[in-house]
Structures are given as C-alpha cells and as structure tokens.
Amino acid sequence: MAPLAYTVIIALITTAFVGLLLALPQFLLGILLAPLLRRQKWIVQFLYQNSIARWGHINILKHAGKKNQHYVAVAKSEALPGHSHTINQRITVVPGRVFIHPIPQFIDNIAYLIVSCPPREAVGKLPVLGVLVDCGEDAIVQAHLEGIYKKYYACFYKRNKEIKGIELHAILCTHRHHDHTAGVGNLVKELTTKRTGESGAKKPILVSAGRSRGDGQPKLYEENSGNIIVVGGAVEQVPHCNLYVKNGCFIPLPCLSLSDGDKTLENDLNATISIEVIGVPSHTRGSVVFALRSRPAPDIATLPVPRANDSHLQTHLFTGDAIFTGGAGAPFEADLERSRDNFLKNPKKLKSKNGSSLIRPQAGSLSTERCFAEVLLRVSDPYSSESSSIPPRQTTLMYPGHEYTTDLLMRQFDQKTIAQDGHWVRMAPSIFFETASHYFTSAHRRALPQGQKLLTIPTPLDKEMIVNPHFRTLKRRGEHLVNALLLWYEFGANNRVPAEKSTLFTPANERRKDSIFTTVYSNDLNAILQDLRSGKIDPVSAADQIEALEGKLDENLIARRPIPSTLPSHKNVYLGVLAMAVLGSAPSAMTLSDANIMNMAVPVESTDEILISKRRLISALRQLGLSGGGSVHLDDIVALLWDESRLDNKSTEDDVESSIENDLIELGLLKLSMVGVALNQPSWFSKYCVPCIQPKPEYDENSWVTTCRRCITATNLLLVREYRGKHCRGIQWPHSVSCFDGKLAAGSSCCSGNNGMR
C-alpha cells in the first residue's frame, strides 16, 4: 500500500504544480488587463464609433426589430411600421399651431416629429414645417412623415397640389449613438433629392432661420443643401452635423415665407416656440437635452418682458438617453467611478467617509445625479434673473429616447437590484403606490396585442419625480443638505447672526412664553440679586436683566458641546457635503477643452475647488420642495452661510458687476465654515488634526471634527466655531493664512485679528 500512496501523493502534487503553471499566465494577464477592464465602458465607446461597429449594431437592431414590428393601417393599402401604435398620438404644444408626434424605431427607440402649422391666413399656401428629434431608421421616419401628413394635415391642401407633405428642415440629435443617428445621412439625401429635383430650380417659398431672432444667422438654412440642418453637441461628432450647439444656446428654427401680393406670409417656428440646449455630459461627453418651450426665445442681448399668458408656459424635454421614465442611461463617458464611492452597490463603504473624503461629482452615478439636477433646475423659468420662478410641473413633459418604462419600473421591485438606502420600507407609502400604479399602467399598454401596443410616454415631470429613483435620490440629497444647514445655524452660526437677521428662527423666549416652568442660571440670578440689594442697579434694570436670563440658555458654552445625539457623524457630514456638491454645482465637462467649447463648468481635481452656486442651491431646494416653511427660511440660512464663508467678510449685494462672483464660492470654504473641515486635507492616505496640525488624528464618533487625543483631552472638544474663530490653529486658507499662538504654521504667514484671518 505504501508505494501506491506515494504514487497518489506524487500525482496530486504534479497535478497541482501543472495547474499552477497553467493558471499563472491567466493570473499575470489579469493583473495586466485589470486597468483596461476597469475602463471597459470607455473602451466600448471608443470601439463603438468604428464603422464596423455601426454596421453590426444597426443590423442587429433591425433584425431584432422585425419580430416586434407591426403595421398600422392609415388608409386603404397604406400602413406604418413600428413597435408601437403611435399614429393616433399627437401632443399639443401651441393650440392649432405646434404639435409633437412620436415615431417608433428599431426595437424600442423613439423619434419625435415637431410640426408647425401655418397661421390661419397662410393655411393652404404655406406647407407644414417639421423638426425631427433623433433619426435611427430613415425609411420608417419617411413612412411616418407621409402617414402623419395624410391623417392630420392633407385635408388643408386639397386645392394646392404642389404641397405634398410635411417640409422637414431640421434634425436634432441628442447624442451620437448609432441608434439615434444612423438614418440621418440617408434621410437628408432623400429629402434633398425630392426638394431640389433634377433641375434644381429655386422655389418661390423661401427657407431661413426666421426674422424674429437676433442671432445673426438668417441664411443658416439657405446655405445648406436642401435647406436641412443637422444639430448636435459641439464635441459629440454627430454624423452629418452642420450646426454645432453648446450648453445654454437656443436653436435657430426654420421659417417659411411667401410673398402674397402686398404682404408676406410666414410660417415661423421662432415666433411660437423656442428650443434650448441643456448640456448633460454623462451618457456621452457631448449629450444634450432639448427643452422646447411654448414661447419665443429671448434675444441675445436682452431678456423678454414677461407676458400675461406666461402662466400657460409649457416645457417639453427631449432627453434622449440621458433620462428615461423610471431610470437613466449608463454613464459611459463620465469619469471612472471607484467601487468604494458607489454606495448603492457598497453601502458599507459609506461608514468610512468623513468631511475630508474626496468627492468626485463628475464620476459615475454622481454625474448622472448632477445631470438630473441640471435638467430639473433648467425646467424653471430660464428667462428669470434669479432662476427661481417655478412653473407647475404638470406642464412639463418628458420624452425619452427609448421605451424602457416597464422594465425600469419592474427592476425597482426586484429584491436583488434594490439598494439598501433605496428600499421601499424607507420611503413614504405614497411613493410605493404611485410607482406600482405607473408600472401596472405601462405594463398594460405594452402587453396589448401586436399592432395595438401603446407608448408609455410622455411622462409629466411631477410623476417622474416620484417614480424615477434618480430623482428620489436627489430628494434625499436635499434632505441631507437641509439637515446640515439647520445644524450649522443652530450650533455654528447662532451667536454670529447680525441683529437684522436674528429673526430667521423664532426666538427661544417666544418659544417658551407659554411654559409653566422657566430655567435660569443660578449664578446669574444671585449676581443680579446681590447688585439689587447693594443698590448698584435699580429695580427696573434688575427686572430687565432677569427677563434676559432666559435667553442665556440659548448660548452655546465654549467648554461644552451640543447634545451628542444632535451632533452629525462623520458619515452624515460627508453626505451633507456631497449633497452640496451635487445640487449646488453645475455639471462639468469631461475635459478643459470640452468645457470651453460646450460652455460648461471646468473639471477640477480637488474637492475643495468645486464651485458652489448660492442661487443654484436655493433653486434646487425649492424645486425639491425643501425650502422650508414657518419660522425656518432656508434661503436666508444659505445666504448667511455665504456671507460668513467669504474671506473678505464684505457684503456686496448692491454691486451688480460682482453678483456672479459673489454667487459662487469654493466648496472647501463652505466645509470649513459649516463643519470645521480644514482645507486641502489629504483624501485618504493621511490626515492632520484640525486644532494643532499634528499627524495621525483620531476620529471621535460623537463629533464631526478631526482631532488628536491630546486636543480632545485639553479642550474637551470645543465647538467648530471656536476652532475656526480665535483658535484657528493653523487652518490653511486659500487666500489668507492663520497661526497658532502667534507662531507661524508651515508655509504660512502671520495673521491678525480676533478670528485669525488676515
């Protein structure tokens, strides 16, 4: 038996050794490919632009789409292809003038046709204008153009045989992906051939960018072949694009004009609607959302005067793949998101975060949230200087680029995909029932027989705020921010509020005026009684001082700290700072050149350098329904925080020229003012004590301040205000520096004044 045992052992060792040799190349290959695998989304996007990838993607979609494709009868021997029954769906933008028609494409793609009917005096003389949003299948788009014209608009042109259909003059592309742009080239070529004909003779109807706009582009349409422009993001490289747009601009829309005797007839889209470009760099680096509003765009130099019918303003958002009903597109071209920063997938990682942790709002899911916040804020009146007027959300409709509603809503009820912080038990019952109701409605529409399936879009924004988990996450961010602001005001700013602003909260003596018992400090009371007996003060002064004793209980003691249960943990401090970065800063471009081209925020490396806008933050809280009520005015608290976080401590409310500069402030200064987090703290590899700048600090779970054991013992953990004030102790300021007990900190110069600031 011994030789057999030895043989078995040798065979096992040999097999293990051979297996190790075979696994070693795989192990080494994994180490080498790990950086690439972490960037697989970027690699896919890079290869996706190849012509072979385009050919494969479109053919797969077409082949798969044939199984779901049905034909909707429009007339005897006429039919429209598509995955949904859309011919009877028409959304009114301007009654009698402007309408929106959805057009199904591929498996679940959706294009949108914006049509403009001529005014009453020009009906039958000028054709119907058309603007298309996204074009994946040119053949299906052309079929729907003909079908929509025959069903809705042909009846107005029975006497004019020269007008045979909708005049499409603009194609708007939300992003460059092939399922949204593959049909652009063929559609432009086909329409140009039909429009110019063999002779190429000039027609009496002129096409231009309209005369109601002052953008200096009146010949935009005249100079393009077939009078068709293709609009795309300036850095997006949309195929066949000849009009590159950037964030915040308004698209010049087509205008048809015809001389009729002594007057000129016009069908000018610019006179009835406007389309604004909203940059949302996340799904792709140049993705845009087109916001159509039922009123003309402002001139470049001046803002329009509000009109009497502005209360009926409608907004229609063509979101492409940036926002879906119940979800969002994958952030393919956002910055790489580290696994420890994604708390939806790794909720345990949140426990290790603190106020000094690195925040990258341009990465991964945070970039998606910031784009959602941008769209939500731009829904508010873009012509208001304060961006604070909030039209009813019922008048804002969303038009996504895919019919994903049923699948995305179903995922929210799948226990395997529900994040811990987004579980239904943590939400109000109304949110659950609204989402479930919307799911059953959409599932019924999509479960209808072939040829009768209905789209689930458009979706009102007020409903999207409830059923979309990304909008719900924004609401939670807002709640974290509100808690941080209120805590700062209660424990960090109460003793420094100017007299004219001291009514932000109801005074404590008014809150306790109906109390049966009143508490005062016995030492203060005994001192007043002693002065009264000795004759130092008169009875009236004594009465005033006794009445003021009650208010001393509201003063924070230097040698004490607030009740431990009211102090934020390091995790909550991080969540408050993160919420401020997501809601208060605009989406940043992927690169510096993209930022310059697309008119977007510049990306920054340091968390402290993120610029936070006061107006944007206030508007975000209002849009999320968190602006406060009663005696709490968050607008005033935010304004107070901005005043106290400024290094120069100067109020420049009357300085119009510097209003923009005063609106923006670095996140590092806000962190320092709110929670005493020193500027330029290392992100993870080392920290230093805030009071004494010694390395290897310890975290006190009952406080948000980063301190060492010596400072905890010596100071009994003073309030953040004391660290930032006369005990500044080496906190590094970006524009001025501080000292500790008159000694210069490393790399700093002397400071003066009670607050340690130059």
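Two residues are said to be in side-chain contact when any heavy atoms from C-beta on lie closer than 4.5 Å; Ser673 and Leu641 meet this criterion. Contact annotation: the side chain of Thr405 never approaches that of Phe324 to less than 4.5 Å [non-hydrogen atoms, C-beta and beyond]. Side-chain contact check for Pro603 versus Met590: every heavy-atom pair is 4.5 Å or farther apart. Using a 4.5 Å heavy-atom cutoff, the side chains of Trp642 and Leu670 are in contact. The shortest side-chain heavy-atom distance between Ile618 and Arg622 falls under the 4.5 Å cut-off. Contact check for Met600 versus Val235: no side-chain heavy atoms found under the 4.5 Å cut-off.
Taking Glu236 as the reference, Arg176, Thr284 meet the side chain to side chain donor-acceptor pair (under 3.5 Å) condition, with sequence neighbours excluded. Take Phe318 and apply the ring-ring contact (aromatic ring centres under 6.0 Å, His included) test, not counting sequence neighbours, and it matches Tyr112, Tyr399. Val280 pairs by the side chain to side chain contact (heavy atoms under 4.5 Å, CB included) definition with Ile278, Ser287, Val289, Ala322, Cys371, Val375, not counting sequence neighbours. Remark: Ser593 engages Thr591 in a side chain to side chain donor-acceptor pair (under 3.5 Å) (not counting sequence neighbours). For Glu434, the salt bridge (charged side-chain N to carboxylate O under 4.0 Å, His left out) partners at least two apart in sequence or on another chain are Lys463. By the side chain to side chain contact (heavy atoms under 4.5 Å, CB included) test, Ala601 is found to be paired with Ser588, residues two or more places apart in sequence or in another chain being considered. Taking the side chain to side chain donor-acceptor pair (under 3.5 Å) definition, one finds that Asn468 meets it with Glu464, sequence neighbours left out. Residues forming a side chain to side chain contact (heavy atoms under 4.5 Å, CB included) with Ala484 (at least two apart in sequence, or on another chain): Met674. Every residue meeting the side chain to side chain donor-acceptor pair (under 3.5 Å) condition with Ser613, not counting sequence neighbours, appears here in chain and number order: Asp663. Checked against side chain to side chain contact (heavy atoms under 4.5 Å, CB included), Leu611 has the following partners two or more places apart in sequence or in another chain: Leu664, Glu666.
The two atoms that bring Gly326 and Pro469 nearest to each other are O-CD, 3.3 Å, heavy atoms only. When all heavy atoms of Ile466 and Arg472 are compared, the pair lying nearest together is O-NH1, 2.8 Å.
Between atom CD1 of residue Ile431 and atom CD of residue Gln412 there is a gap of 10.5 Å, rounded to the nearest 0.5 Å. In this structure, the separation between OG1 on Thr368 and CG on Leu474 is 10.5 Å, given to the nearest 0.5 Å. With rounding to the nearest 0.5 angstrom, the CG atom of Leu358 is 8.0 Å from the OH atom of Tyr574. Taking CZ of Phe471 as the start and CE of Met465 as the end, the distance is 6.0 Å to the nearest 0.5 Å. In this structure, Thr319 OG1 and Phe290 CZ are separated by 11.5 Å, a value rounded to the nearest 0.5 Å. Considering CG of Leu481 and CG of Leu626, their distance stands at 9.0 Å, rounded to 0.5 Å.
Between the Ser282 side chain and the Pro331 main chain, no donor and acceptor come within less than 3.5 Å of each other. Between the side chain of Arg293 and the main chain of His316, no donor-acceptor pair closer than 3.5 Å is present. Formation of a donor-acceptor pair under 3.5 Å by the Asn247 side chain with backbone atoms of Met598 is not found in this model.
Among pairs with a residue in residues 584-605, those fulfilling salt bridge (Lys or Arg N to Asp or Glu O under 4.0 Å) read Arg285-Asp594, at least two apart in sequence or across chains. Sorted by first and then second residue, the side-chain hydrogen bond (donor to acceptor under 3.5 Å, both in side chains) pairs involving residues 321-330 (not counting sequence neighbours) are His175-Asp321, His180-Asp321, His283-Asp321, Asp321-His402, Thr325-Thr459.
Judged by distance alone, the side chains of Ser619 and Arg616 never bring a donor and an acceptor atom under 3.5 Å apart.
Salt-bridge annotation for Glu374 and Arg370: absent, with no side-chain N of the basic residue lying under 4.0 Å from a carboxylate O of the acidic one.
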